[in-house]
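Below is one structure, written out as structure tokens, with a few remarks after it.
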Amino acid sequence: MTVVSQRAIAAERAFEAIKHFAFHSRYGERRGDADIADFTFGNPQEMPLAGLVAAIREGAVPHDKNWFAYKTSEEAPQAFLADVLSRELDLRFEPPDIALTAGAFAAISVAFRLLLDAGDEVVFSEPGWFCYEPMLLVANAVPRKVPLAKPRFDLDLDAIDAAIGPRTRLVIVNTPHNPTGRIYGRDALAALADRLERASRRIGRRIFLLSDEPYRRLRFDGRGFLSPAAVYPWTLIAYSYGKVLLAPGQRLGYLAISPLMPAEDRQALRDAMFATQMAIGWCFPNAVMQNALPQIDELSIDTQALTRRRDALSEALAKAGHAALPPEGTFYLWVKWASGDPEQQWNAFADRGIFVMPGSVMNAPDYFRISLTASDEMVARALPVFAGAT
Ligand SMILES: Cc1ncc(COP(=O)(O)O)c(C=O)c1O
């Protein structure tokens, strides 16, 4: 008999492939070595933004005795974010709509605990972020995965509709999308909203939407962004500063309620927010990050550098027959392996110290993901290998 709960065991199983890749594969053996070119996870491969260091330093100097006291969703950052989000998303957020969290991870977890009872079903698309499933399982919810529609990995509305049953409570949409880089446009989101409205009536229960948008500010070629919160009133937004700052170890994000939500539901969620955040382990951002928010909000990694790397890598990969889907957002490149055995091709890269994330860990074995957060030096080293020249 194991001492571990059934929920923890289920979550561990759901996370097994990615855990194995990260720690026990050929990549796991070499991760951290200075001589590899690491294109796997969205981790920084260069020094942090100077502006972030200055903001954290300043936020750490106490001005009063409460500087490091317990912090919940503090009034000043809530008001600041309501204002920023209202302008950014063209919606009228009010401060109580915003729950400050320790990144998107915590925002998503809070959303699950706010909305889901044991056995409730949650629909999301794959390939997708590999943490939704274990997070749902520890929340005692039931994941229902549906495929995205190839070749452009659009939302498959028929598949989503077909996965909705009497226990469905939530649908998750991630835009810009990890790993494909797709940004879903107004037509797709409006059609999804229409399906969710009709499905809610069909099952006699309100289906909520979780819009997971941590890459929202990382977009290519001047593309716009429409939050699902502007299209479907029963939407909660999860956001993190970890991506735009490329500093995921400094946890800061929020869960925001769509201002379009009918007043009674909006108020009920506002009222339950604090207790839920407290009860799942005080998942508020720490004092320093809350203090530094106004300075932090102005910062971003260099999206021009991401664009340069995207273009150079796509061109090189194409020479060897690997087809990259041009990403519209995020800092990833989603690539279809050239014909042949994906594992053999992954190993051929690894033999030369070049590591990419195999799509097999996301149930998409014909693809791989490249993180554009690799340094220019890593990119230069990898280009001839990706082009099949060595
Ligand atoms: C789609 C998606 N959602 C949420 C997260 C979690 O972000 P954070 O670690 O900044 O909370 C990630 C991180 O990789 C992600 O890719």
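As the structure lists them, so they are numbered: ligands from 1, and atoms in each ligand from 1.
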Hey, does P214 sit under 4.0 Å from ligand 1 if you only count heavy atoms?
yes

Measure W129 to ligand 1 on non-hydrogen atoms and call it side chain, backbone, both or neither using the 4.0 Å cut-off.
side chain

Do we get R310 above F220's six-membered ring, with its NZ or CZ under 6.0 Å from the centre and within 45° of the axis?
yes

Test the R369-W334 pair against the cation-pi criterion, namely NZ or CZ under 6.0 angstrom from the six-membered ring centroid and within 45° of the ring axis.
no

Do me a favour and list the nearest non-hydrogen protein atom to atom 10 (O) of ligand 1 with residue, atom name and distance?
S240 OG, 2.5 Å

Check ligand 1 against G103 and write out every atom of the ligand that is under 4.0 Å from a heavy-atom position of the residue.
11 (O)

Purely on distance, is any nitrogen or oxygen of A104 under 3.5 Å from one on ligand 1?
yes

Shortest non-hydrogen contact from L49 to L299?
CD1-CB, 4.2 Å

Contact with ligand 1 for R251, non-hydrogen, under 4.0 angstrom:
yes

When the ring planes of Y27 and F41 are compared, do they come out parallel, tilted or perpendicular, using 30° and 60° as the limits?
tilted

For the rings on Y254 and F93, is their centre-to-centre separation under 6.0 Å?
no

Which residue and non-hydrogen atom of the protein lie closest to atom 14 (O) of ligand 1, and at what distance in Å?
K243 NZ, 2.6 Å

Please determine whether any non-hydrogen atom of Y215 lies less than 4.0 Å from an atom of ligand 1.
yes

Could you check which of N174, D212, N178 puts a non-hydrogen atom nearest to atom 2 (C) of ligand 1?
D212

Q277 and T101: which non-hydrogen atoms are nearest, and at how many Å?
NE2-CG2, 3.7 Å

K150 bridged to D156 by N-O distance under 4.0 Å:
no

